[in-house]
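All values derive from a computational prediction rather than experimental measurement.
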Amino acid sequence: MAARRPVDDTTPHGTGYGALLRTPRAWTFLLPALVARLPYAMLSLGVVLLVHDTTGSYGLAGAVAAAAAVSQALVGPQTGRLADRHGQAAVLVPTVVVHACAVAALIALAHSGAPDWTLFLAAAPAGAAVPQVGAMVRARWVHRLEERPALLNTAFAFESVTDEFTFVIGPMLATGTATLVNPSAGLAAEAALTLLGGLAFAARRDTAPAPTGPAAPGVRRASALASPGVRLLAVAFLGLGTVFGTLQVSITAFAEDAGSGGLSGLVYGLFATGSMVAGVLYGLVPWRSSARRRMVVCYALLVLGCSTLWAMPNLAALTVAGLFCGLAIAPTLITGFTLVETLVAAGAKTEAFTWLTGSIGLGLALGSTAAGQLIDRSGASLGFTVALAGSGLGLVALVTMRRLLLAPAPAHRTVARGGAVREEAAPAARRG
């Protein structure tokens with residue numbers, strides 16, 4: 001492997017956003033990544049709008065969106081592992097092509113009046129082929145900041161803010177195009193942005209971490225999910241995902257009932273705006289409390305915010321409640337990604353990040369399905385209770401098993417070096 005070029009760090013002691021964004025060649029992968037990640041917030045909502053328009057059922061719309069999200073949650077970590085082994089571009093290029101084709105098939109089937117089951121057949125590969133760009137960007141930051149680890153928390157804050165920015169713009173773009181053009185326009189835009197942004201991001205191979213390559217004969221590959229702490233965070237992020245799925249379906253239904261269906265994207269965007277603002281501020285604070293403690297506190301605030309949504313009497317009140325609920329989202333995401341980065345070896349970081357985003361996707365599927373069924377039977381307001389139930393269970397898991405995030409290492413442990421596993425004496429456990 002060629003020697004790594006020295007980092008051109010003009011602010012070696014800086015830990016703010018300015019120092020982060022002055023990282024050499026950072027913008028060459030950040031800009032195409034933004035284009036490729038914007039559709040992430042458009043897919044589920046676009047599916048809901050399309051299927052509801054063509055079938056009239058929120059339950060079916062939520063179930064089809066759930067099929068895409070479940071496929072993404074199950075396949076995403078596997079593509080993350082392949083990216084660690086074979087390189088990001090080698091995985092990303094075929095993935096975005098398959099995704100665009102599957103979305104086109106879903107649109108065609110929905111408008112042709114095809115049987116309901118065919119919609120699931122198209123939605124599943126569309127979700128499975130969602131490019132894991134967010135995880136890949138985080139892995140690139142870890143690679144680029146090897147000489148400046150103090151900037152990693154800032155990098156994860158920046159990425160969570162970027163995620164929330166996409167959740168501000170994405171729903172508004174999906175609902176705007178669906179309202180002004182037709183319900184299929186939102187999904188068509190999602191597929192086009194995914195394809196173009198994904199190919200542009202894949203072309204920036206110079207900023208990607210080197211692939212670990214195939215394992216040597218007889219050597220077992222490390223799995224990010226082997227860490228109990230990663231498994232706990234995956235459960236917590238599953239609860240977080242139910243909030244996203246519930247709100248996408250429930251806000252859409254609530255706005256339709258209020259006679260303002262076109263505002264659903266704006267309401268959801270303001271929810272994401274609250275998260276984005278909180279993420280920016282969170283990344284500026286030099287925290288002294290442990291990440292484990294912050295994770296529990298942030299998650300508890302999220303549950304508190306979710307507890308008010310079902311009781312809102314009108315769309316204006318729901319908008320305000322959603323904005324305050326969103327304040328806890330980004331801090332929870334940032335802290336979770338900060339924790340998971342310390343729990344796995346370098347050769348499994350993309351996979352680890354993808355397990356968390358995949359858990360969010362699976363939670364989104366569960367939330368949208370359950371909320372859709374409740375809405376069809378009992379109205380939009382009760383749909384919001386799914387977010388409270390999902391996040392509440394996630395909080396219980398975090399509180400009761402939080403020691404797994406900093407569990408003391410045994411006398412000997414299995415560690416990964418370049419993706420391979422071998423036995424070696426464990427260092428003292430980190431405190432935090």
Side-chain angles (χ1 to χ4, degrees), residues 138 152-157 159-161 163-164 224-225 227-247 271-272 274-309 321-344 352-353 355-360 362-364 366-367 384-409 429-432:
R138 287 177 171 91
L152 272 180
N153 187 69
T154 305
F156 292 141
E159 290 309 311
S160 291
V161 170
D163 286 338
E164 295 309 322
L225 207 59
S227 165
V230 172
R231 294 198 295 269
L232 175 58
L233 288 172
V235 170
F237 274 49
L238 181 72
L240 187 61
T242 65
V243 178
F244 290 125
T246 299
L247 265 62
F271 159 76
S275 177
M276 184 171 64
V277 171
V280 171
L281 298 177
Y282 187 91
L284 292 173
V285 176
W287 295 101
R288 296 187 177 182
S289 60
S290 69
R292 181 183 62 168
R293 184 176 296 112
R294 281 182 276 134
M295 185 70 183
V296 173
V297 171
C298 292
Y299 211 100
L301 292 175
L302 172 64
V303 175
L304 180 62
C306 290
S307 68
T308 66
L309 298 175
L323 179 66
F324 280 98
C325 181
L327 292 174
I329 294 289
T332 302
L333 288 169
I334 295 166
T335 310
F337 281 117
T338 300
L339 282 167
V340 80
E341 191 276 330
T342 68
L343 296 173
V344 296
F353 295 140
W355 274 115
L356 297 196
T357 56
S359 292
I360 292 175
L362 182 58
L364 190 152
L366 295 173
F384 290 108
T385 60
V386 176
L388 177 59
S391 60
L393 291 174
L395 179 61
V396 170
L398 271 179
V399 170
T400 57
M401 294 183 284
R402 62 188 182 276
R403 290 188 63 84
L404 293 178
L405 299 177
L406 290 174
R430 272 178 289 195
R431 301 183 62 85

Do [X] and [Y] have side-chain heavy atoms sitting under 4.5 Å apart?
{"X": "Leu240", "Y": "Ile329", "result": "yes"}
{"X": "Leu233", "Y": "Met295", "result": "yes"}
{"X": "Arg293", "Y": "Arg402", "result": "no"}
{"X": "Phe337", "Y": "Glu159", "result": "no"}

Rounded to the nearest 0.5 Å, what separates atom [atom1] in [X] from atom [atom2] in [Y]?
{"X": "Phe237", "Y": "Leu232", "atom1": "CZ", "atom2": "CG", "result": "10.5 Å"}
{"X": "Leu405", "Y": "Ser227", "atom1": "CG", "atom2": "OG", "result": "8.5 Å"}
{"X": "Cys325", "Y": "Leu301", "atom1": "SG", "atom2": "CG", "result": "10.5 Å"}
{"X": "Leu247", "Y": "Thr242", "atom1": "CG", "atom2": "OG1", "result": "9.5 Å"}
{"X": "Leu333", "Y": "Ser275", "atom1": "CG", "atom2": "OG", "result": "6.5 Å"}
{"X": "Leu281", "Y": "Met276", "atom1": "CG", "atom2": "CE", "result": "11.0 Å"}

Please name the pair of heavy atoms, one in [X] and one in [Y], separated by the smallest distance, quoted to 0.1 Å.
{"X": "Ala387", "Y": "Ser391", "result": "O-OG, 2.8 Å"}
{"X": "Leu339", "Y": "Arg292", "result": "CD2-N, 4.1 Å"}
{"X": "Thr308", "Y": "Ala321", "result": "OG1-CB, 4.0 Å"}
{"X": "Gly279", "Y": "Ala157", "result": "O-CB, 4.2 Å"}
{"X": "Val235", "Y": "Ala397", "result": "CG1-CB, 3.9 Å"}
{"X": "Val296", "Y": "Leu395", "result": "O-CD1, 4.0 Å"}

Original post:
Is Arg294 reaching over with its side chain to a backbone N or O of Ser289, donor-acceptor style, under 3.5 angstrom?
Top reply: yes

**OP:** Please check if the side chain of Thr246 supplies one atom and the backbone of Val243 the other of a donor-acceptor pair under 3.5 Å.
**Re:** no

Subject >> Chi angles and distances behind the side chain to side chain contact (heavy atoms under 4.5 Å, CB included) call for Leu388, Val303 >> reply: CA-CA 6 Å; Leu388 177 59; Val303 175; 4.0 Å; yes

Original post:
Between Thr335 and Tyr299, does any side-chain donor sit less than 3.5 Å from a side-chain acceptor?
Top reply: no

**OP:** List the steps, then state whether side chain to side chain contact (heavy atoms under 4.5 Å, CB included) holds for Phe156 with Tyr282.
**Re:** CA-CA 11 Å; Phe156 292 141; Tyr282 187 91; over 6 Å; no

